[in-house]
**Q** 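What follows is a structure written as structure tokens; I'll ask about it next.
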Number of protein chains: 2
Amino acid sequence: MATRDSQDDASAGQVSDAGLRAFLGYTIKRTDNVILSNIAAVLKPLDLRVVTFSALVLVGDNPGLRQSQLADALGIERPNLVVIVDELEGRGLIRRDRVPTDRRAYALTVTAVGKSLCEAASAAVRTREDALLDGISAAERKQIEGLMRRIESTGGRR
Amino acid sequence: MATRDSQDDASAGQVSDAGLRAFLGYTIKRTDNVILSNIAAVLKPLDLRVVTFSALVLVGDNPGLRQSQLADALGIERPNLVVIVDELEGRGLIRRDRVPTDRRAYALTVTAVGKSLCEAASAAVRTREDALLDGISAAERKQIEGLMRRIESTGGRR
DNA sequence: TATTGTTATACTCTATAACTATA
DNA sequence: TATAGTTATAGAGTATAACAATA
């Protein structure tokens, strides 16, 4: 006999998520939440959010990128990107330059200030990720990446 | 010499996300998005969202669960859970019963209708996940789960 | 005094239609 | 006619404060 009255309920004690753990998506989502909130916490002191940081990295890696391409890469709608680019430009982190061959479009580039902030942010994120991955070998990490990318490509269009 | 004028930009051609791929969180987030949108698509015909499905599974596994415990398990705030429970109760999928020993609280349970819908939904989600994991062995899947849970527990409180 | 569920509300994110200026 | 960026706006999702009933 248990000490507490053995009702078959969860009114006291731990809540079981065993049923949800049967779905891999649940475990992946929980892990994703943990990683994202950690990254967000690391970026906050630099006045960056996950989106603005991602935008900075993408523009840095793709100089001359247009806003519609950036929106597409970030997986957000064009209208919603405008305020993000406004913010980054207003802080002097990126530049909007008119494209001579197509005066409708803007070519986005990272400024020197933006580049150094991006590098500092990247280092901070890398450090935090390494801490989260403590005890996980480089080989295991490679394996996660490979498996994730296989699932992603199987899932097709989203 | 390339055929197109070789500007060092991305105004034409593919956008590189190599810089973001350096962060494991990016790859995991993309995979998570794919899985979640696939699950959402599978649940839609059953008039379930990911939250309502998760709530159904949790209440089913923890009969007598209270709303505050459910909100906690789902990672949402108590006020936001109210409309979810309203919806599930309104559709006759769960029941709210007063707890005799604490008349402030409700004991949540899944009805017979809710149980059969939950089982159908679970089967559909499982089938879709299996399709996404096509080509990934049971051992690899176990490995993903183990590694994810290690990362999750290292990340601590969120 | 503290807690359960609730209401009201605000803030962020996301999604769509429609405008402008160019092409 | 179509496209790039923009504006306005509406809808989710999420967060906090405060209330009534109960402990």
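So you know, we letter chains A, B, ... as the sequences are listed, proteins then strands, and number each from 1.
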**Q** In terms of heavy-atom contacts, does CZ of Arg149(A) have more than 12 from other residues, nucleotides or ligands at under 6.0 Å?
**A** no

**Q** Compare the minimum distances between each of dT14(D), dT7(C), dG5(D) and the side chain of Arg96(A), then state the nucleotide with the smallest one.
**A** dG5(D)

**Q** If we ignore hydrogens and angles and just use 3.5 Å, is the side chain of Asp32(B) paired with the main-chain N or O of Asp32(A) as donor and acceptor?
**A**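 Such a contact is absent between Asp32(B) side chain and Asp32(A) backbone.
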
**Q** Counting only side-chain N and O atoms of Arg78(B), is one of them less than 4.0 Å from OP1 or OP2 of dC19(D)?
**A** no

**Q** Which whole-number value in Å describes the distance from Ile76(B) CD1 to dT16(D) C1'?
**A**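 Result: 15 Å.
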
**Q** Rounded to whole Å, please give me the gap between CG in Asp86(A) and C1' in dT7(D).
**A** 11 Å

**Q** Nearest whole Å is fine: how far is dA12(D) P from Leu81(B) CG?
**A** 18 Å

**Q** So, for Phe53(B) and Tyr26(A), is the gap between ring centers shorter than 6.0 Å?
**A** no

**Q** Given that Val82(B) and Val99(A) both sit by DNA chain C, which one's nearest nucleotide is further toward the 5' end?
**A** Val82(B)

**Q** Taking the six-membered ring of Tyr106(A), is the NZ or CZ of Arg98(A) close enough (under 6.0 Å from the centre) and on axis enough (within 45°)?
**A**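 Yes - Arg98(A) lies over the ring of Tyr106(A), closer than 6.0 Å to its centre and within 45° of its axis.
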
**Q** Of all the choices, dA15(C), dT6(D), dT6(C), which nucleotide is nearest to the side chain of Asn80(A) once you look at every atom?
**A**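 Minimum distance to the Asn80(A) side chain belongs to dA15(C).
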
**Q** Roughly how many Å is it from CD in Glu87(A) to C1' in dT12(C), rounded to a whole number?
**A** 13 Å

**Q** Considering only dG13(D), dT6(D), dT16(D), which nucleotide approaches the side chain of Gln67(A) most closely?
**A** dT6(D)

**Q** Return the minimal non-hydrogen interatomic distance between Gln67(B) and Leu81(B), and the atom names on each side.
**A** O-CD2, 3.0 Å

**Q** Any side-chain to backbone donor/acceptor pair from Asn62(A) onto Leu58(A)? Under 3.5 Å, distance only.
**A**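 It does hold such a pair.
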
**Q** Which of the following nucleotides, dA15(C), dG13(D), dT6(C), is nearest to the side chain of Arg49(B)?
**A** dG13(D)

**Q** Whole-Å distance between dA23(C) C1' and Arg98(A) CZ?
**A** 13 Å

**Q** At under 4.0 Å, does any side-chain N or O of Ser68(B) touch on OP1 or OP2 of dT3(C)?
**A** no

**Q** I need the CD-P distance between Gln69(B) and dT4(C), as an integer number of Å.
**A** 9 Å

**Q** Heavy-atom contacts under 4.0 Å between residues 103-110 of chain A and DNA chain D, which residues?
**A**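 Within residues 103-110 of chain A, the residues near DNA chain D are Arg104(A), Ala105(A), Tyr106(A).
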
**Q** Please determine whether the number of non-hydrogen atoms from other residues, nucleotides or ligands lying under 6.0 Å from atom CZ of Arg95(B) exceeds 12.
**A** no

**Q** Check the distance between dT3(C)'s P and Arg66(B)'s CZ and give it to me in whole angstrom.
**A**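 In whole Å, dT3(C) P lies 13 Å from Arg66(B) CZ.
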
**Q** In this structure, how many angstroms lie between the C1' atom of dA12(D) and the NZ atom of Lys44(B), rounded?
**A** 13 Å

**Q** From the list dT14(D), dG5(C), dT7(D), which nucleotide is the closest neighbour of the side chain of Pro79(A)?
**A** dT7(D)

